[in-house]
Amino acid sequence: MYSDTIYGTHFHACYELIYIIEGICKISVNETFYNLEEGELFLLSPYTIHSINIPKNSKTWVGVFSEDFIADFAKKNKYKKYGRFKCNKTTETFLKSELFYQGKPEHYMLISCLYMVCNECFKNAQSYDSGIDNKFISNVIKYISENLSENITLAELSEKMGYEYHYFSMLFNQCFSTNFKNFVNILKFQQACKLISD
């Protein structure tokens, strides 16, 4: 549970679930801004660039989890992105007692709760087809991560991956919704955070 917290522009290789317990939460997803209100949720797909701003006097539950926890949903919604949504009251009450608290739920209860969230998301959230090629994303991230100490350029990366430069640039922007330099900086920042924490 978080309050009075800002997470700058970042992404995860996992899903991220945001639930507003009290007050509001401001999030930016691929350069689109949302003001989430109490009771609203947002399920972020892997590699979605976003930032979170939780004002003072607001409480927000944030969970990051592997797609292995919701493998069936992840497989069937591989290219889908979802917006904000609300659960029905019965489901919300159950999730508040079993998931949206500071403790750690038991393993199978956690999976059950996450699938309940997926079901509500599927029924109530507006979806759109991202058209994103996950293999392309994985290859780009792998190459950049392995060469962060080098001065990588977009032209060099497109050549290494066997793409024509302009097509690669368009595909990169479509997948990551940010420019190449900014994306490399995000990866460098995440690597620095990991080195500090380790």
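Note that the numbering runs from 1 along the sequence shown for the chain. Keep in mind that the numbers below use all heavy atoms, side chains included, and drop hydrogens, waters and symmetry copies.
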*Mark yes or no for whether Thr9, through its side chain, and Ser51, through its backbone, hold a donor-acceptor pair below 3.5 Å.*
no
*Crowded around Phe189 CZ? As in, over 12 foreign heavy atoms under 6.0 Å?*
no
*asked:* When you group the ILVMFWY residues by side-chain heavy-atom contacts below 4.5 Å and let the links chain together, are Phe33 and Tyr7 in the same group?
replied: no
*Which is it for Tyr82 and Leu41 under the side chain to side chain contact (heavy atoms under 4.5 Å, CB included) test, yes or no, and what are the steps along the way?*
CA-CA 10 Å; Tyr82 289 93; Leu41 297 95; over 6 Å; no
*Can you tell me if Glu92 and Tyr19 form a side-chain donor-acceptor pair at under 3.5 Å?*
yes
_Side-chain touch Ile52/Glu16, heavy atoms, less than 4.5 angstrom_ = yes
*Could you check if a side-chain atom of Pro46 sits within less than 4.5 angstrom of a side-chain atom of Glu67, using non-hydrogen atoms only?*
yes
*Of all pairs that satisfy salt bridge (Lys or Arg N to Asp or Glu O under 4.0 Å), the ones with a partner from residues 107-122, not counting sequence neighbours*: Glu120-Lys123
_Working for ring pair (Phe, Tyr, Trp, His ring centres under 6.0 Å), residues Phe85 and Phe122_ = CA-CA 9 Å; Phe85 65 98; Phe122 182 76; over 10 Å; no
*For the residue pair Tyr15 and Phe65, categorise the inter-ring angle as parallel (less than 30°), tilted (30 to 60°) or perpendicular (more than 60°).*
parallel
*asked:* Test of understanding: clusters of I, L, V, M, F, W, Y form through side-chain heavy atoms closer than 4.5 Å, transitively. Do Leu148 and Ile49 belong to the same one?
replied: yes
_Under the ring pair (Phe, Tyr, Trp, His ring centres under 6.0 Å) test, residues paired with Phe172 that sit two or more places apart_ = Phe176, Phe180, Phe183
*May I have the step-by-step check of side chain to side chain contact (heavy atoms under 4.5 Å, CB included) for Ser169 and Leu154, ending in yes or no?*
CA-CA 7 Å; Ser169 177; Leu154 188 62; 3.8 Å; yes
*Please answer whether the main-chain N or O of Ile6 pairs with a side-chain N or O of Asn53 as donor and acceptor at a distance below 3.5 Å.*
no
*Determine, stepwise, if the pair Glu22 / Ser58 fulfils side chain to side chain contact (heavy atoms under 4.5 Å, CB included).*
CA-CA 5 Å; Glu22 288 177 18; Ser58 292; 5.8 Å; no
*So, does Asn179 use its side chain to make a donor-acceptor pair with the main chain of Asn182 at under 3.5 Å?*
yes
*asked:* In the structure I gave you, are the side-chain heavy atoms of Ile24 and Pro55 within less than 4.5 Å of one another anywhere?
replied: yes
*Has Asn88 got more than 12 heavy atoms of other residues, nucleotides or ligands less than 6.0 Å from its CG?*
yes
*Roughly how far, to the nearest 0.5 Å, is the CD1 atom of Ile18 from the CD1 atom of Ile27?*
4.5 Å
*Pair Thr48, Lys81: side-chain N/O donor-acceptor within cut-off below 3.5 Å*: yes
_Shortest non-hydrogen contact between Asn173 and Thr178, atoms and distance_ = OD1-O, 3.0 Å
*To the nearest 0.5 Å, tell me how far Ser112 OG sits from His107 NE2.*
9.5 Å
*Answer whether the closest heavy-atom distance between the side chains of Met161 and Val140 falls below 4.5 Å.*
yes
*Under a 4.5 Å side-chain heavy-atom rule over Ile, Leu, Val, Met, Phe, Trp and Tyr, are Leu110 and Tyr101 clustered together?*
no
*Spell out, as yes or no, whether a donor-acceptor pair under 3.5 Å connects the side chain of Ser145 to the backbone of Ile141.*
yes
*Find the distance between OG1 (Thr60) and CG (Leu36) and round it off to the nearest 0.5 Å.*
8.0 Å
*Mind checking the CD-CE spacing from Glu98 to Met116? Nearest 0.5 Å is all I need.*
9.5 Å
*To the nearest 0.5 Å, tell me how far Ile152 CD1 sits from Leu157 CG.*
7.0 Å
*Quick one: do Glu40 and Arg84 make a salt bridge, cutoff under 4.0 Å?*
yes
*Is there a path of hydrophobic side-chain contacts, each under 4.5 Å between heavy atoms of I, L, V, M, F, W or Y residues, that connects Tyr143 with Phe168?*
yes
*Test Tyr34 against Thr32 for side chain to side chain contact (heavy atoms under 4.5 Å, CB included), laying out the working first.*
CA-CA 7 Å; Tyr34 300 88; Thr32 301; 3.7 Å; yes
*Counting only heavy atoms not in Glu156, do more than 12 sit closer than 6.0 Å to its CD atom?*
yes
*Is there a side-chain contact between Phe94 and Phe100 (heavy atoms, below 4.5 Å)?*
no
*What's the spacing between Ile70 CD1 and Leu114 CG if we round to 0.5 Å?*
6.5 Å
*Under 6.0 Å between the ring centres of Phe73 and Tyr115?*
no
*Does the pair Glu146/Lys142 count as a salt bridge with the N-to-O cut at 4.0 Å?*
yes
*Kindly write out the residues that satisfy side-chain contact (heavy atoms from CB on, under 4.5 Å) with His166, not counting sequence neighbours, or none if the list is empty.*
Glu164
*Examine Val64 and Leu95 and state if one hydrophobic cluster contains both, with Ile, Leu, Val, Met, Phe, Trp and Tyr joined whenever side-chain heavy atoms are less than 4.5 Å apart.*
no
*Of all the heavy-atom pairs spanning Ile186 and His10, show the shortest one and how long it is.*
CG2-CA, 4.1 Å
*Do you know which two heavy atoms are closest between Lys86 and Asn124, and how far apart they sit?*
O-ND2, 3.1 Å
*Between Trp61 and Leu17, is there a donor-acceptor pair closer than 3.5 Å when you use the side chain of the first and the backbone of the second?*
no
